[in-house]
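These numbers come from the heavy atoms of this one structure, side chains and all, not from hydrogens, waters or symmetry mates.
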Amino acid sequence: MLKSSSIRSLPFRLAAQRRFVQSQSRPRTVLPPRLSYNPWSSAFRGSVGTRALLQAVVYSLVIVGTASAFGLQVPRKDNPDSDPYPSKQNVATAIEELKRAFPDPGFLATDAESLKTYGSSEHSYHPVSPHAAVVRPKSTEDVVKIINIARKYHVPVVPYSGATSLEGHFAGISGGSICIDMSGMDRIININVPDADLTCQSGARWEDINQTLKTKGIPLFFPLDPGPGATIGGMIGTGCSGTNAVRYGTARSEWFISITVVLPDGSVVKTRSRARKSSAGFDTTKLFIGAEGTLGIVTEATLRLAPVVPTKVAMAQFPSVEHAVNAVQEILTSPHGSHIQCIELLDDNMMHAINDAGFVDRPYPVQDTLFFKIQGDLSMVKETAKVVKACSKKHGGTSFQFATSDAEADEMWTNRKYALMSTIAANPGYRCWTTDVCVPVSRLPELVQETKKDLSAHNLRSTIVGHVGDGNFHALILFKDDDELRTVEDAVHRLVHRALALDGTCTGEHGVGVGKKEYLTDELGESTVELMRTVKRAIDPTNIMNPGKLYPTRKGDEKK
């Protein structure tokens with residue numbers, strides 16, 4: 001007995017059998033065998049998916065072959081670890097189109113001296129290449145035009161402004177790159193005093209911004225203070241901080257309210273409104289902070305300003321870094337800790353270099369030294385100073401003293417800010433490799449002591465300065481020749497791994513560039529680094545934005 005389902009299907013079976021018999025009785029056309037392998041033939045034996053795949057392969061080969069015949073390079077979705085290597089023809093054609101788009105003779109530079117200057121730094125010792133061209137835009141619209149031309153010919157672009165970075169951020173790309181010099185875009189667009197904010201172009205320098213506010217009699221300032229000459233765009237790109245970070249935080253705080261960015265596809269985005277806070281969607285402003293120009297070119301920014309507060313400068317000497325750090329921890333956790341604007345450590349070698357450089361009217365004691373900035377009204381400064389002095393004395397500090405005048409205070413702080421210049425001036429004939437790491441504050445004494453011991457064991461001269469309130473320090477290591485340079489490179493490698501072992505970071509504020517990218521996987525983990533690569537691929541699929549920087553190279557992705 002047949003099941004009901006079989007009965008229902010019986011007519012369909014009989015119909016199928018009739019169609020089969022009829023097809024067998026028809027005369028059959030014999031097709032040439034080659035048609036059964038032709039994906040455009042109706043007689044193709046393969047599946048629909050196989051047909052589509054073969055057709056796509058043939059089309060790709062035709063496109064690539066045609067492009068090669070005309071000397072053009074087909075854009076590809078590069079891995080963010082590798083350099084794009086544009087063809088010489090692409091680079092030359094892009095430069096010619098830039099000349100037509102911007103006929104002003106001051107806009108474009110292709111002379112060898114400029115290309116070398118813009119593609120390297122005298123204080124960076126990482127591999128570099130000169131750029132193929134340097135362009136100097138004046139507006140966001142100019143940057144859009146440049147990006148569209150670069151994208152059209154798949155030529156990498158590298159942003160440049162203050163040129164103060166030390167990890168190869170603005171180095172040229174092998175095969176040719178377009179350097180976008182943003183330093184000419186330095187206008188302060190508007191100052192909103194009632195809202196305590198300011199909008200400027202990305203080439204504006206933080207020092208010029210604060211000087212403008214001071215000149216105009218506006219009692220506000222922008223508190224992020226990295227190296228002298230740093231610009232707003234570079235500060236955003238590297239996620240900077242500086243000596244004020246102990247009180248005001250870093251670039252990753254809320255000091256950048258909104259930024260305007262030109263993306264790799266030539267579109268322009270403004271990340272936020274001017275409202276002081278917002279809960280609307282992703283924090284796209286922070287997406288570009290620390291991205292080092294690999295996701296887009298920042299052209300404008302709205303900055304939050306802070307009120308100017310009366311400040312006093314003081315200093316004290318300590319028998320060791322450990323004693324100094326212990327004093328700092330106690331000071332910052334006291335009820336008066338919020339009135340400390342800066343606490344900077346200069347080791348004994350750095351104090352010796354300052355004296356030898358000849359930049360001071362009278363020599364400082366050659367000991368591990370803390371420089372303080374205390375903020376508040378006169379009574380609050382006085383009370384905080386008592387706490388600082390007592391904590392310093394408790395931990396072996398001596399000679400605690402305030403600057404006796406504004407001029408002396410300026411000189412003391414200038415000596416701290418120009419530590420690199422003092423180190424070089426005090427050691428004629430030497431070059432200097434500057435690097436930074438950061439660890440939890442309690443681990444800083446161990447890190448500094450082990451580093452000084454390591455450098456001494458390898459007969460390397462060095463000075464150390466640090467934002468001791470943050471656990472961040474800079475080692476300035478000197479060398480005379482290439483043999484010593486290799487010794488320094490090895491010492492820097494050991495220093496970074498020493499910091500990572502102490503639950504620290506390979507860079508507290510210099511950024512990654514090319515110099516530190518090899519350490520990112522050890523520090524963050526492969527999954528976190530891969531997430532960064534995923535964001536990079538999504539925003540810049542053809543990898544034209546500052547390629548070869550920030551994202552560490554994976555095994556198997558090295559240049560062929």
Side-chain angles (χ1 to χ4, degrees), residues 223-227 240-250 311-334 336-351 353-354 364-375 384-385 387-400 412-413 415-417 419-420 422-423 434-452 462-476 495 498-499 502-505 507-510:
L224 301 185
D225 64 332
C240 80
S241 53
T243 61
N244 287 336
V246 69
R247 177 165 185 172
Y248 292 101
T250 73
T311 303
K312 293 291 184 180
V313 175
M315 62 183 287
Q317 284 75 44
F318 292 83
S320 71
V321 172
E322 184 175 9
H323 286 80
V325 172
N326 289 340
V328 167
Q329 289 177 300
E330 187 168 337
I331 291 167
L332 291 179
T333 54
S334 75
H336 291 79
S338 61
H339 297 287
I340 302 296
Q341 179 182 350
C342 311
I343 304 183
E344 293 293 294
L345 169 71
L346 283 72
D347 79 337
D348 52 350
N349 293 334
M350 186 70 251
M351 299 305 294
I354 288 174
Y364 294 124
V366 181
Q367 290 180 262
D368 295 324
T369 301
L370 290 180
F371 284 68
F372 301 89
K373 273 189 178 181
I374 303 173
Q375 283 190 329
T384 303
V387 172
V388 173
K389 186 174 183 179
C391 289
S392 298
K393 186 176 180 180
K394 176 181 176 181
H395 294 283
T398 59
S399 304
F400 178 85
M412 288 170 64
W413 216 254
N415 287 326
R416 162 60 191 94
K417 294 297 288 184
L420 174 60
S422 295
T423 299
T434 304
T435 190
D436 87 311
V437 292
C438 187
V439 294
V441 177
S442 62
R443 312 304 296 270
L444 187 61
E446 178 183 352
L447 178 65
V448 173
Q449 289 167 4
E450 289 300 316
T451 299
K452 294 185 72 167
S462 70
T463 61
I464 286 176
V465 297
H467 313 309
V468 67
D470 307 315
N472 181 200
F473 90 92
H474 306 261
L476 289 70
L495 167 59
R498 196 176 297 122
L502 296 173
D503 203 18
T505 175
T507 175
E509 59 184 23
H510 285 184

For [X], enumerate each residue passing the side chain to side chain contact (heavy atoms under 4.5 Å, CB included) test, keeping only those at least two apart in sequence or located in another chain.
X	result
Thr434	Leu166, Leu420, Cys432, Leu476, His510
Cys342	Thr243, Asn244, Lys373, Trp413
Gln367	Gln317, Pro365, Thr398
Arg498	Leu447, Glu450, Thr451, Asp454, Arg494, Leu495

- Message: Within the structure provided, determine whether Leu444 and Phe473 are in side-chain contact (heavy-atom separation under 4.5 Å).
- Response: yes
- Residue pair Val388 / Ile374, side-chain heavy-atom distance below 4.5 Å: yes
[X] side, atom [atom1]; [Y] side, atom [atom2] - distance, nearest 0.5 Å:
X	Y	atom1	atom2	value
Leu346	Met315	CG	CE	8.5 Å
Leu345	Phe318	CG	CZ	9.5 Å
Thr369	Ile354	OG1	CD1	8.5 Å
His323	Asp368	NE2	CG	10.5 Å

- Item | Contact list for residues 389-398, test salt bridge (charged side-chain N to carboxylate O under 4.0 Å, His left out), sequence neighbours left out | Glu330-Lys394
- Message: Using only atom types and a distance under 3.5 Å, with no angle test, would you say the side chain of Asn472 pairs donor to acceptor with the backbone of Asp436?
- Response: no
- Message: For Gly508, is there any backbone N or O sitting under 3.5 Å from a side-chain donor or acceptor partner on Thr505?
- Response: no
- Does a donor on one side chain and an acceptor on the other come within less than 3.5 Å for His474 and Glu509? yes
- Asp347: partners by salt bridge (charged side-chain N to carboxylate O under 4.0 Å, His left out), with sequence neighbours left out: Lys452
